[in-house]
Amino acid sequence: MDISQFFTSADLFGIAPEIILTVTALSVLTLEMLHVSRPGIILMVAALGLFLAGALAINTSGDEQILFGGMLVLNRFSVFFDFLYITIGLLTLIFSQGYLEKRGSASRGEYPALILFAIIGMMLMTRANDLVIVFLGLELLSLSLYILVGFLRHDQLSNESGLKYLLLGAFATGFFLFGAALTYGAAGTTNYNGIVTAITNNTILSDTYLFLGIGLLLIGFAFKVALVPFHMWSPDVYQGAPTTVTGFLCTAPKAAGFGALIILFNRAFVDIHYQWQDIFWILSAMTMTIGNISALIQHNVKRMLAFSSVSHAGFLIMGILVLNETSISAVLFYLVVYSVVNLGAFAIVSAAEQEERGLNLKDYRGLAAQHPWLSAAMTIFMLSLAGFPPTAGFVAKFGLFSAAVSQGYIGLVIIAVLNTLISIYYYLRLVVNMYMQKEESTLILSYKMLAIVFVGLIAIMMIILGITPGYLLEIVTEAASTVA
Amino acid sequence: MFTSIFFYFLASIAIASAIFVVLNRNAVYSAIALVLCFFSLAVIYLLLEAYVIAVLEVFIYAGAIMVLFLFVIMLLNLGLEDAFPYFRHLQRALSLFMVGLFFVGIFLIMFNEQGILHQPGEKFSAGDIYALGEALFSKYLLPFEVASLLLLVALIGTVYLAKRKI
């Protein structure tokens with residue numbers, strides 16, 4: 001048999017970033033085994049691997065490439081997501097310096113290694129052109145996250161949330177797999193191009209099974225990106241996980257989940273969009289409303305940000321529902337802003353976190369007097385999440401809403417705008433606590449210099465992007481044009 | 001006609017035993033019911049002429065994994081006395097009988113049909129191990145490799161989370 005139709009050297013070059021990341025993760029583990037005791041070295045090696053993988057990923061951009069006999073597709077869209085994951089990974093590594101030690105756990109080589117494995121899984125998810133690869137990528141990501149969430153072995157809350165995430169995640173995986181099996185049964189193939197051909201040529205064996213399969217696949221994804229009513233795990237898991245992991249958990253997997261959803265529903269199931277668009281409408285409206293209202297009554301900062309990220313998922317799913325090039329580019333822009341801002345906010349929370357303290361909204365009272373710069377950065381992040389005009393969050397929300405209005409989804413946009421107004425209350429509550437209270441803050445912030453420099457950079461970036469978003473808009477439009 | 005009747009029969013056994021797994025409060029009974037479920041699934045694979053998958057299902061799931069399940073249940077000390085209140089003697093007799101049967105079978109094969117184990121494999125038909133291997137290393141090469149990464153991560157996680165001293 002001829003193997004060259006499935007595997008050539010071009011395929012090997014195509015997955016070079018994944019190979020580099022795997023090698024880096026393994027060498028990080030080996031360094032740990034050899035008792036290289038300085039945690040800085042291990043983080044440095046991991047960061048170096050990420051840089052190298054990013055450099056290789058940019059090399060592969062250009063024309064669309066099909067690898068491994070149709071298993072993977074490389075195009076500007078996938079390269080955009082590769083970069084997003086690598087950026088998130090780098091920022092997480094930078095913000096993680098010294099955090100595990102602070103929480104009483106030794107810094108371990110497994111931590112950066114698992115983050116690298118999670119990034120490999122996410123890259124596969126958005127490069128995939130086949131349900132098998134999406135599934136394996138999703139599982140690689142999820143397994144790494146289960147371990148990372150329970151990484152503080154002596155901490156009961158961390159253990160509990162790790163186990164909760166594992167059990168519910170395994171359940172969601174079952175749904176996803178059953179959906180993939182039914183789709184395969186109906187279309188006769190797991191390849192996206194094959195599914196499209198089967199739908200256009202009307203060779204689907206059974207419409208019922210196809211729709212059932214699509215529904216179950218959607219449930220699997222909805223769990224992973226925490227859409228209402230599949231979001232119940234997220235506040236507990238976000239609260240119990242180590243804070244730096246929470247930052248990673250609420251940004252990167254969400255980006256990967258939405259990237260894979262966009263490819264799946266805009267490439268494979270695009271011809272039957274009238275069948276699933278109503279479900280997306282309901283999911284979107286429910287997710288943003290329930291997420292927002294739950295966020296209003298939270299006193300714990302991590303839980304508040306968890307529910308806020310649920311409501312952001314509701315905004316994002318609106319972009320997939322609208323289904324054209326502008327809406328997808330708006331989703332990509334939104335994902336960048338949302339991810340970076342959340343990472344910054346969680347970095348500040350992790351700096352403020354102490355034994356039994358620093359996670360309550362009340363603990364932030366009067367913080368601005370002692371740490372004016374960090375408080376200013378936190379304010380910019382909160383304003384950006386709420387979507388205030390001079391920040392990038394406003395541009396992101398505006399792009400998404402205008403794309404939805406142009407396609408006639410007026411009702412949904414009204415719900416979204418109302419939700420944005422509600423969300424201002426809880427975002428500003430944190431800011432009010434920092435600035436308006438007279439009390440002396442008793443929080444002692446612990447942070448590394450590099451982390452603070454990057455928090456500042458993110459804050460400045462958000463203002464610059466809010467005023468001149470043109471450069472990023474160009475990139476996302478180019479990326480979106482390859483899928484829509 | 002016959003196949004479909006057979007299929008529905010097996011499918012109902014699989015579903016019934018799966019329900020039994022969930023509803024039963026005795027962990028050992030649940031595990032045994034799960035074995036039954038795997039066996040009926042294996043026969044369904046046979047109906048699809050997926051012989052290798054059927055054999056693997058019995059070997060790996062009904063065999064290896066369920067033995068581990070039972071080990072864990074027993075290590076957790078859920079009380080075997082509660083699990084098998086009446087069957088002490090029956091169990092011993094049954095296990096002796098099964099071991100004897102196994103030995104008789106092995107000896108029969110060894111003496112009566114010599115050479116069966118040593119014949120080189122002929123070219124098999126579809127659904128056999130040859131086709132499976134070819135598919136795994138050609139069309140499904142990438143998923144195969146990614147699965148190995150997945151197992152590595154699971155291994156790291158188990159060691160990290162479960163080992164007392166790291």
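Quick note on labels: first sequence line is chain A, next is B, and so on, each numbered from 1. Please read these numbers as outputs of a predicted model, since none were measured by experiment.
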Handout entry: Top of B:L141, B:L149, B:V146 for chain A proximity - count of heavy-atom pairs under 4.5 angstrom
Key = B:L149
Practice task
Enter the distance from A:K164:NZ to A:N159:CG here, rounded to the nearest 0.5 Å.
Solution key: 12.5 Å
Problem - Gap between atom CZ of A:F13 and atom CD1 of A:I19 - 0.5 Å precision - result: 9.5 Å
Problem - No-hydrogen, no-angle side-chain donor-acceptor test under 3.5 Å, A:T190 and A:D130 - result: yes
Problem - Which portion of A:L114 sits near chain B, non-hydrogen atoms under 4.5 angstrom - result: side chain
Completion exercise
One should read off an interatomic distance between B:S17 OG and B:F39 CZ, to the nearest 0.5 angstrom, of 12.0 Å
Problem - Those residues of residues 131-143 of chain A, ordered by number, that approach chain B below 4.5 Å (heavy atom to heavy atom) - result: A:V132, A:I133, A:L136, A:E139, A:L140, A:L143
Problem - Check: A:S158 side chain, A:H154 main-chain N or O, donor-acceptor pair, under 3.5 Å - result: no
Handout entry: Check: A:S161 main-chain N/O paired with A:D236 side-chain donor or acceptor under 3.5 Å
Key = no
Handout entry: Expected output: side-chain A:R127 to main-chain A:G14 donor-acceptor under 3.5 Å
Key = yes
Fill in the blank from the handout: Of A:F151, A:Y111, A:Y146, the one forming a ring pair (Phe, Tyr, Trp, His ring centres under 6.0 Å) with B:Y160 is A:F151
Handout entry: Contact residues of residues 173-189 of chain A (partner chain B; heavy-atom separation under 4.5 angstrom)
Key = none
Completion exercise
Residue set satisfying salt bridge (charged side-chain N to carboxylate O under 4.0 Å, His left out) with A:E32, at least two apart, ordered chain then number -> A:R108
Side-chain donor-acceptor pairs under 3.5 Å in residues 5-15 of chain B, sequence neighbours left out?
unit_1	atom_1	unit_2	atom_2	d
B:S12	OG	B:Y8	O	2.8
B:S12	OG	B:F9	O	2.8

Exercise for the section: Counting only heavy atoms closer than 4.5 Å, note whether A:L67 contacts chain B via side chain, backbone, both or neither. Expected result: neither
Problem - A:G70 backbone acceptor or donor facing A:N191 side chain under 3.5 Å - result: yes
